[in-house]
2 protein chains.
Amino acid sequence: MFDPQCPTRQLLDRIGTKWTSMAVKVLAEAAPHEVRFAELRRRMPGVSQKMLSVTLHSLIRDGLAARRVEPTVPPRVHYQLTDLGSSLEVPLAALRTWAEEHMAQIDRANATSDAQANPADRA
Amino acid sequence: MFDPQCPTRQLLDRIGTKWTSMAVKVLAEAAPHEVRFAELRRRMPGVSQKMLSVTLHSLIRDGLAARRVEPTVPPRVHYQLTDLGSSLEVPLAALRTWAEEHMAQIDRANATSDAQANPADRA
DNA sequence: CGGTATCCCCCTAGATACTG
DNA sequence: CAGTATCTAGGGGGATACCG
């Protein structure tokens, strides 16, 4: 965007999209087994068919996931993380842990700010 | 969004915004010293006055940064990470390291995908 | 079953201008 | 110096419908 040499911004643009990090998580939890499209959908509550498809294809484009199709009728499509995807899961898991431990604190900070900005709201 | 119990999504919604992670990084690098608004702007190439202001205020709302105003004319405003913000810097730094080590691989994967999708583009 | 195609809304973030 | 206010385009992502 402003500096193509900032890989962190590029990475966050990818894992920051709504479903990407969750897809990586689900695929990482299932590893070393593959996961089918419908199973992924089931494990990602709220995702639409379209957004799951878009998310998976971007993971594949980025070399983070691999796709395998069984040429049956109807077809069975399987996904799994690549080695690159698995390596990303490491720092991502650290971020998840931080989130689980500290998001409540962030929520509290927001509540405090709101209370100070609009004291009447506490009525 | 779909599940308020997913703290990771909430966290990514914050650090995924364009300037947040960079602001955290600059503040972390300067720590334990404070950083003034103009200095932050200088160290974040491309950020507009408005977006820096918005970014900093969201960090403050979230309890990740603190603001100190010297009541002079013109005013001097100083920012620094809170303890919570500093703790976030740890997993964020891990993500940055991963990005620096592997984004080139992701770029290569994209180039390969493009070449396979549009072979004519290689002309 | 596992997708694509189409439409549309909203929010992020940039440009610009003004202020205590 | 350090902001806020206003306007706007652009893209993310949801709903729906159709397809191999």
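The structure displayed is predicted, hence computed values, not measured ones. Note on naming: letters A, B, ... go to the chains in the order of the sequence lines (proteins, then strands), and numbering restarts at 1 for each one. What you see below is based on every heavy atom in this structure, not just the backbone, and it leaves out hydrogens, waters and symmetry mates.
- No engagement by A:T72 is indicated, since no non-hydrogen atom pair under 4.0 Å with the nucleic acid exists.
- B:S53 contributes no side-chain N or O that, together with a main-chain N or O of B:Q49, makes up a donor-acceptor pair within less than 3.5 Å.
- Each of A:M51 and A:P74 lies near DNA chain D, and the nucleotide nearest A:M51 is the one positioned closer to the 5' end.
- Between B:I60 and B:T82 there is no side-chain heavy-atom pair separated by less than 4.5 Å.
- Here B:R36 does not reach the OP1 or OP2 of D:dC1: none of its side-chain N or O atoms lies under 4.0 Å away.
- Rounded to an integer number of Å, the gap from CG of A:L12 to P of D:dG12 is 15 Å.
- Within a 6.0 Å sphere centred on CZ of A:R36, other residues, nucleotides and ligands contribute more than 12 heavy atoms.
- Of all the heavy atoms in B:W98 and A:L64, the pair that sits closest is CH2-CD2, 4.3 Å.
- With axes fitted over five pairs at each extremity, the angle between the ends of the helix from C:dC1-D:dG20 to C:dG20-D:dC1 is 50° (10° resolution).
- In the set D:dC1, D:dG13, D:dG20, D:dC1 carries the atom at the smallest distance from any side-chain atom of B:P75.
- Rounded to an integer number of Å, the gap from B:L52 CG to C:dG14 P is 11 Å.
- Side-chain atoms of B:T55 do not come within 3.5 Å of backbone N or O of B:W19 as any donor-acceptor pair.
- Residue pairs satisfying the salt bridge (Lys or Arg N to Asp or Glu O under 4.0 Å) criterion with at least one member in residues 83-100 of chain B, sequence neighbours excluded, are listed as follows: B:E89-B:R96.
- By the 4.5 Å heavy-atom criterion applied to side chains, A:R67 and A:L56 are not counted as neighbours.
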Atom pairs, N/O to N/O, protein against nucleotides 3-5 of chain D, distance under 3.5 Å?
from, atom 1, to, atom 2, distance (Å)
D:dG3, OP1, B:R67, NH1, 2.2
D:dG3, OP1, B:Y79, OH, 3.4
D:dG3, OP2, B:Y79, OH, 2.5
D:dG3, N7, B:Q49, OE1, 3.0
D:dG3, N7, B:Q49, NE2, 3.1
D:dG3, O6, B:Q49, OE1, 3.1
D:dT4, OP2, B:S53, OG, 2.5

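- Rounded to an integer number of Å, the gap from A:W19 CH2 to D:dG13 C1' is 10 Å.
- With hydrogens and angles disregarded, a donor-acceptor distance shorter than 3.5 Å links the side chain of B:R9 to the backbone of A:K18.
- Separating the CZ atom of B:R68 from the P atom of D:dC1 is a distance of 17 Å, rounded to the nearest angstrom.
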Please lay out, stage by stage, how B:Q80 and B:H33 fare under the test side-chain hydrogen bond (donor to acceptor under 3.5 Å, both in side chains). CA-CA 7 Å; B:Q80 63 183 325; B:H33 300 299; over 6 Å; no
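- For the pair A:K18 NZ and D:dA15 C1', the interatomic distance rounds to 13 Å; values are reported in whole Å.
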